[in-house]
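Quantities reported herein were computed from a predicted structural model and do not represent experimental measurements. Positions are given from 1, in the same order as the sequence printed here. Every heavy atom of this structure was used, including side-chain atoms; hydrogens, water molecules and symmetry mates were not.
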Amino acid sequence: MARILVTGGMGYIGSHTVVELMQQGYDVTIVDNLSNSNVDVLEGISAIVGRRPEFENIDCNDFVNLEAVFKQYTDIVGVIHFAASKAVGESVQHPLMYYRNNLGSLITLLEVMKRYRVCNIVFSSSCTVYGQPDKAHLPVDETAPLQKALSPYGNTKQINEDIICDEAHADADLHATILRYFNPIGAHPSALIGELPNGIPNNLLPFVTQTAAGLRQELKVFGDDYDTPDGSCIRDYIYVVDLAKAHVKAVERMLSKQSEQQVEIFNLGTGRGLSVLEIVREFMDATSVNVPYRVVERREGDIEKVWANPTKANTVLGWKADTPIKDVLLSAWNWEKRLRNIQ
Ligand code: UD1
């Protein structure tokens, strides 16, 4: 069976994708420097799948060691590139670190891929590239105009998309699938892998589950005076396992040479927007656990409302994110309970 190299495969979306790939019969080599993950994730993946992925503790910016991986695993047929720093606030504080890490790792990877004639890459991008779409572009499809990034993190996603397109233009053999994720949430139903935020979570769901677990006193809802039905911001929350499955579809499409263009772009979302207050209510309904919350000032740089038009992914990839939100929220809670030893 074919081998897929997964950079950042120990991380949140990466680990769920490794599971789905292996369950479809692929062999997987993970390259990860554990900068925002830990080695126990390997145990979780192995317990779910019943076999172990190969793991190389390597930084993607390290050409020599990355090249050694391609030399060792001669059956690599494609790469999924997740490895990147992703904290928006930190990227504003340390832009050079973000540009070096996120751009350098993709460039290094593409160089090594070219040398070893591996010519399929799936790139992990974000709906952040659309900024706040105007009314005419909501829900957002892939033709919506991109907007100037609000953070160095967001800018690295845009620049990396450009790097891929430029390289594909120069190298007719290269095929790339750019996946623009909306807001991934939840955890594997086994509760053996999930999201492991560093310190105080920035993202909504980990903050909700940590508040439910008693680690945080209350959730701060950032603003209820937006132009939305209940005044809180709207996002398209997508189950991480559904998202992971889209990567397998993308890989299969490239390997079977079905892609019509060298670079294909897909929005990955559910097509449904939920507000912060709706998420909190749905979470309490699904889990019967109270989440104390308070509405506070808006968070600087927040987008008011954005959700996907996933028609292209639905039809072309033959993929749909259809896990009910209650199940998704329950999976997030089961993971948090396992982390905190809550019965
Ligand atoms: C954020 C990033 C985005 C990145 C994405 C990765 C910002 C401004 N945007 O997106 O660039 O691609 O994470 O997952 O940081 N909320 C609260 N209270 C909280 C936390 C969040 O009310 O404690 C609200 C936010 O205001 C927002 C929603 O929950 O309306 C979702 O927030 P979050 O999970 O941080 O995702 P994004 O803002 O969509």
Side-chain angles (χ1 to χ4, degrees), residues 1-19 21-22 26-46 49 51-87 90-91 94-125 152-153 156-157 159-161 163-164 166-168 170-171 173-177 193 196 198 247 251 254-255:
M1 191 59 174
R3 178 174 300 276
I4 306 296
L5 181 81
V6 182
T7 77
M10 302 290 273
Y12 175 43
I13 307 170
S15 57
H16 288 82
T17 301
V18 170
V19 165
L21 285 166
M22 293 180 75
Y26 290 97
D27 290 325
V28 170
T29 298
I30 296 173
V31 163
D32 199 304
N33 66 359
L34 300 179
S35 60
N36 192 20
S37 56
N38 78 61
V39 78
D40 297 342
V41 173
L42 264 190
E43 306 309 321
I45 295 172
S46 310
V49 180
R51 65 194 168 103
R52 236 180 147 73
E54 308 296 334
F55 167 57
E56 304 292 343
N57 186 345
I58 286 169
D59 190 315
C60 276
N61 279 286
D62 176 347
F63 187 96
V64 172
N65 278 313
L66 192 61
E67 181 176 34
V69 173
F70 281 75
K71 210 178 273 174
Q72 181 182 349
Y73 302 96
T74 52
D75 52 348
I76 296 173
V77 292
V79 176
I80 306 182
H81 183 48
F82 292 105
S85 307
K86 62 168 187 182
E90 186 185 49
S91 80
H94 303 288
L96 300 182
M97 183 176 108
Y98 269 66
Y99 286 117
R100 182 181 290 284
N101 189 36
N102 291 4
L103 306 187
S105 58
L106 176 70
I107 294 168
T108 309
L109 181 62
L110 288 171
E111 285 172 344
V112 178
M113 284 172 64
K114 194 172 190 143
R115 189 171 286 194
Y116 286 80
R117 293 189 191 79
V118 174
C119 51
N120 297 302
I121 182 167
V122 176
F123 176 64
S124 162
S125 190
Y153 158 78
T156 65
K157 291 295 178 195
I159 297 171
N160 274 345
E161 288 194 5
I163 289 173
I164 288 171
D166 289 347
E167 181 56 17
D171 177 355
D173 291 334
L174 182 66
H175 281 77
T177 307
I193 54 171
L196 283 168
N198 233 341
H247 293 74
V251 164
M254 285 195 292
L255 293 183

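Using a 4.0 Å cut-off between a side-chain N of Lys or Arg and a carboxylate O of Asp or Glu, Arg52 and Asp27 do not qualify as a salt bridge.
Here the side chain of Asn102 pairs no donor or acceptor atom with the backbone of Tyr153 at under 3.5 angstrom. Without hydrogens or angle criteria, Tyr73 side chain to Val28 main chain gives no donor-acceptor distance under 3.5 Å. A donor-acceptor pair under 3.5 Å is absent between the side-chain atoms of Thr156 and the main chain of Leu103, judged by distance alone. A donor-acceptor pair is defined here as one N or O able to donate and one able to accept, closer than 3.5 Å; no such pair exists between the side chain of Ser124 and the backbone of Phe82. Using a distance-only test at 3.5 Å, with no hydrogens or angles considered, no donor-acceptor pair links the side chain of Lys114 to the main chain of Leu109.
At least one side-chain heavy atom of Val79 sits less than 4.5 Å from a side-chain heavy atom of Val118. Here the side chains of Leu5 and Ile30 are not in contact, with every heavy-atom distance at 4.5 Å or above. Taking 4.5 Å as the limit, every side-chain heavy atom of Arg51 sits out of range of all side-chain heavy atoms of Ser46. By the 4.5 Å heavy-atom criterion applied to side chains, Leu34 and Phe55 are counted as neighbours. Within the 4.5 Å cutoff, side-chain heavy atoms of Leu42 are placed close to those of Met10. Contact check for Phe63 versus Arg115: side-chain heavy atoms found under the 4.5 Å cut-off. Put simply, the side chain of Val19 reaches to within 4.5 Å of the side chain of Ile193, judged on heavy atoms. Using a 4.5 Å cut-off on side-chain heavy atoms (C-beta onward), Leu110 and Ile121 make contact.
Smallest separation of non-hydrogen atoms from Asn120 and Met113: O-CE, 3.6 Å. Closest approach of Pro152 to Ser91, counting heavy atoms only: CG-O, 3.1 Å. Residues Gly9 and Val18 approach most closely at O-CG2, 3.9 Å, considering heavy atoms. Between Ile164 and Ala176, the closest heavy-atom pair is CG2-CB, 3.3 Å. Residues Asn101 and Ser85 share a closest heavy-atom pair of ND2-OG, 2.7 Å.
The line from CD of Glu56 to OG1 of Thr7 is 13.5 Å long, rounded to the nearest 0.5 Å. Distance check: Ile13 CD1 to Lys86 NZ gives 6.5 Å after rounding to the nearest 0.5 Å. Once rounded to the nearest 0.5 Å, the distance linking CG of Leu21 with NE2 of His16 reads 13.0 Å. The NE2 atom of His175 lies 7.5 Å from the SG atom of Cys119; values are rounded to the nearest 0.5 Å. Rounding to the nearest 0.5 Å gives a distance of 11.0 Å between CG of Asp40 and CD1 of Ile45. With values rounded to the nearest 0.5 angstrom, Asn33 atom CG is found 7.5 Å from Cys60 atom SG.
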Exercise for review: Would you please test Leu255 and Tyr26 for side-chain contact (heavy atoms from CB on, under 4.5 Å) and show each step?
Suggested key: CA-CA 12 Å; Leu255 293 183; Tyr26 290 97; 4.0 Å; yes
Practice item. Start with the C-alpha gap between Ile4 and Ile80, add the side-chain angles, then the distance that decides, and say whether side-chain contact (heavy atoms from CB on, under 4.5 Å) holds. Key: CA-CA 7 Å; Ile4 306 296; Ile80 306 182; 3.9 Å; yes
**Study point:** Steps toward side-chain contact (heavy atoms from CB on, under 4.5 Å) verdict (Thr108, Asp62)
**Key:** CA-CA 8 Å; Thr108 309; Asp62 176 347; over 6 Å; no
Point to revise | Verdict with supporting geometry, Val122 and Val251, side-chain contact (heavy atoms from CB on, under 4.5 Å) | key: CA-CA 7 Å; Val122 176; Val251 164; 4.1 Å; yes
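Looking at Asn36 and Asn198, their side chains do bring a donor and an acceptor atom within 3.5 Å of each other. Between the side chains of Ser105 and Asn61, no donor N or O sits under 3.5 Å from an acceptor N or O. Looking at Glu90 and Tyr98, their side chains do bring a donor and an acceptor atom within 3.5 Å of each other. Between the side chains of Arg3 and Thr29, at least one donor-acceptor pair of N or O atoms lies under 3.5 Å.
No more than 12 heavy atoms of other residues, nucleotides or ligands shown are found within 6.0 angstrom of CZ on Arg117.
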